[in-house]
There are 2 protein chains.
Amino acid sequence: MNDIKDKLRTHIEKMISLSDDEFSWIYEHFTFQEFKKNELIFEEGQPVKHVYFVLSGLVVLSYTDRDAKQHLISFAMEDWWETDFVAFYSKSRSTFALKCIENTKMLCLTLDHFEKLCATIQKMEHFFLKKSIAGHIGSQQRILSFLTSSAKQRYEHMITNHPALVQRIPKSMLASYLGVSRETLSRIL
Amino acid sequence: MNDIKDKLRTHIEKMISLSDDEFSWIYEHFTFQEFKKNELIFEEGQPVKHVYFVLSGLVVLSYTDRDAKQHLISFAMEDWWETDFVAFYSKSRSTFALKCIENTKMLCLTLDHFEKLCATIQKMEHFFLKKSIAGHIGSQQRILSFLTSSAKQRYEHMITNHPALVQRIPKSMLASYLGVSRETLSRIL
DNA sequence: TTGAAAAAGTGATATTTGTCACACCGTCTT
DNA sequence: AAGACGGTGTGACAAATATCACTTTTTCAA
């Protein structure tokens with residue numbers, strides 16, 4: 001249990017510093033959950049009650065279009081925060097699914113607790129602002145890669161920038177994340 | 001001048017509420033700047049000292065690749081915040097250029113002032129967190145459009161969701177923003 | 001008013017990528 | 001050991017999009 005607390009604390013303290021009391025109080029607002037490989041955390045049409053902090057394992061956020069084709073929006077591994085942010089913040093139903101690629105341990109934070117943390121400890125609002133900005137910048141970089149790069153270049157970019165992630169996912173998933181067909185990715189290699 | 005103050009205040013108060021004193025103090029941290037059509041606000045390689053709040057007009061954030069080809073990352077019109085966020089937050093040099101498509105009036109906020117506002121008035125940190133989340137969600141939607149949609153569908157999506165913007169920019173720019181060639185967009189219409 | 005520059009349309013062709021069909025391989029279960 | 005299944009590779013062909021060259025239209029300033 002203490003390694004879980006440490007993991008969250010170390011993560012938050014990369015950006016802000018907290019007293020023992022502050023951290024203990026913060027930690028009380030999270031719940032722990034464990035999921036097995038291939039298990040669905042939530043799926044399309046369901047309410048999204050939490051934002052998830054990944055302690056270990058790997059999850060993927062996906063969208064299924066009218067033709068039942070799956071599109072992978074993002075992966076989240078250790079130290080990442082993930083959820084369907086639209087559904088989470090507006091307390092509405094998800095347009096995405098969140099699924100485990102590996103056995104995964106997560107800390108879960110409800111919107112009410114998220115807002116309570118932000119309102120009570122300003123440093124936490126600051127922390128989440130920084131996280132959100134980083135997320136925004138990451139998304140902008142991905143958009144730029146769609147605008148400027150061929151499928152091959154996007155693949156090579158993944159290999160150099162996220163080699164650990166590439167090792168852990170089947171190539172068919174990587175293809176979907178990169179926005180190319182499985183077959184095209186196979187020929188690119 | 002008062003219409004400028006009102007514009008900013010109305011914008012911020014859509015999300016949080018402020019006393020007259022609070023707003024006046026906040027407003028003092030901004031500087032006003034006016035640019036002409038086609039003027040560069042900053043370009044690749046320059047430091048980015050401000051985040052810009054667009055009062056009126058239209059600007060575009062762009063990236064130029066090794067082949068000197070321009071790619072349009074985002075547009076910002078009235079009530080939008082824009083800058084090269086990487087360069088702004090890290091006080092480093094820009095990889096993007098910010099250019100005026102129309103005569104544009106903006107309010108400018110330095111990083112130091114941004115941080116001072118956030119640190120002093122928690123509501124402002126809350127405001128910027130909400131803005132950042134909205135930006136992140138917008139980027140994720142755009143990524144999803146690259147994953148799921150053809151050029152034609154992306155174009156139609158723009159027409160229905162940002163008709164005002166489409167009217168104000170040349171089709172060649174719209175093409176670049178959508179990630180297709182000018183000629184392909186022309187044939188799609 | 002007119003001429004230059006910018007923006008937009010179009011035909012011909014090349015390139016990239018998707019789709020479908022099928023083969024191959026390893027793992028897991030029974 | 002046999003069969004089922006997921007993941008992957010590949011050939012043939014179709015569809016989408018890029019590129020190049022050129023024309024037409026629009027805009028705007030001298």
Side-chain angles (χ1 to χ4, degrees), chain A residues 36-40 58-60 62-72 75 97 99-103 142-159 165-189, chain B residues 36-40 57-60 62-72 75 97 99-103 142-159 163 165-189:
Chain A
K36 298 215 162 147
K37 183 175 172 171
N38 292 324
E39 201 173 338
L40 270 171
L58 180 58
V59 297
V60 62
S62 67
Y63 171 77
T64 305
D65 67 20
R66 298 139 233 135
D67 306 334
K69 196 170 170 184
Q70 288 213 100
H71 305 273
L72 304 191
F75 297 102
K99 191 175 179 179
C100 297
I101 297 175
E102 302 173 356
N103 293 340
R142 182 136 168 245
I143 289 169
L144 195 58
S145 79
F146 280 112
L147 293 177
T148 61
S149 309
S150 66
K152 178 163 195 171
Q153 290 170 318
R154 295 203 297 280
Y155 171 72
E156 282 160 358
H157 187 267
M158 279 295 284
I159 292 284
L165 178 61
V166 174
Q167 304 306 331
R168 289 162 72 176
I169 58 175
K171 303 224 189 295
S172 54
M173 279 194 180
L174 182 56
S176 171
Y177 178 79
L178 293 172
V180 293
S181 70
R182 183 184 69 71
E183 295 90 336
T184 296
L185 182 63
S186 175
R187 286 183 249 260
I188 276 169
L189 302 181
Chain B
K36 297 217 162 148
K37 182 172 174 175
N38 292 324
E39 202 172 339
L40 269 171
L58 179 57
V59 297
V60 62
S62 68
Y63 171 76
T64 305
D65 68 20
R66 298 140 232 133
D67 306 333
K69 196 170 171 183
Q70 287 214 98
H71 305 274
L72 304 191
F75 296 102
K99 191 175 178 180
C100 297
I101 297 175
E102 303 172 358
N103 293 339
R142 182 139 166 243
I143 289 169
L144 195 58
S145 79
F146 280 111
L147 293 177
T148 61
S149 308
S150 66
K152 178 164 194 169
Q153 290 170 319
R154 294 202 298 280
Y155 171 71
E156 283 161 355
H157 187 268
M158 279 295 284
I159 292 283
L165 178 61
V166 174
Q167 304 305 330
R168 289 163 70 177
I169 57 176
K171 304 227 191 294
S172 55
M173 281 196 178
L174 182 57
S176 172
Y177 179 79
L178 293 172
V180 293
S181 70
R182 185 185 68 73
E183 295 92 334
T184 297
L185 181 63
S186 175
R187 287 185 248 261
I188 277 168
L189 303 180

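Values reported hereafter were calculated over all heavy atoms of this structure, with side chains retained and with hydrogens, waters and symmetry mates removed. Every chain is numbered from 1 and lettered A, B, ... according to where its sequence line falls, protein lines coming before strand lines.
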Reckon Ser172(A) touches a base, only the sugar-phosphate, or nothing at all at heavy-atom distances under 4.0 Å?
-> sugar-phosphate

For the pair made of [atom1] in [X] and [atom2] in [N], what is the distance, rounded to whole Å?
X         : N       : atom1 : atom2 : value
Lys171(B) : dT26(D) : NZ    : C1'   : 13 Å
Arg168(B) : dA7(C)  : CZ    : C1'   : 19 Å
Asn103(B) : dC28(D) : CG    : P     : 12 Å
Glu102(B) : dT27(D) : CD    : P     : 15 Å

Not counting sequence neighbours, which residues clear ring-ring contact (aromatic ring centres under 6.0 Å, His included) with Phe146(B)? List them please.
-> Phe146(A)

Does Phe75(A) have any ring-ring contact (aromatic ring centres under 6.0 Å, His included) partners at least two apart in sequence or in another chain, and if so, which?
-> Tyr177(A)

Who pairs with [X] by side-chain contact (heavy atoms from CB on, under 4.5 Å), at least two apart in sequence or on another chain?
X         : value
Gln70(A)  : Ser62(A), Thr64(A)
Thr148(B) : Tyr63(A), His71(A), Leu144(B)
Glu156(A) : Lys152(A)

Give the B/S/- string for nucleotides 12-26 of chain C, one per nucleotide from 5' to 3', where a protein heavy atom under 4.0 Å of the base yields B, of only the sugar-phosphate yields S, and otherwise -.
-> B----SBBBB-----

Are side-chain heavy atoms of Leu165(A) and Leu58(A) found at a separation under 4.5 Å?
-> yes

Kindly write out the residues that satisfy salt bridge (charged side-chain N to carboxylate O under 4.0 Å, His left out) with Glu102(A), not counting sequence neighbours, or none if the list is empty.
-> Arg168(A)

Only pairs under 3.5 Å count here: list side-chain donor-acceptor contacts from residues 179-189 of chain B, not counting sequence neighbours, and write none if there are none.
residue	atom	partner	partner atom	Å
Ser181(B)	OG	Thr184(B)	N	3.1
Ser181(B)	OG	Thr184(B)	OG1	3.0

Given axes from five pairs at either end, by how many degrees does the helix from dT1(C)-dA30(D) to dT30(C)-dA1(D) bend, rounded to 10°?
-> 40°

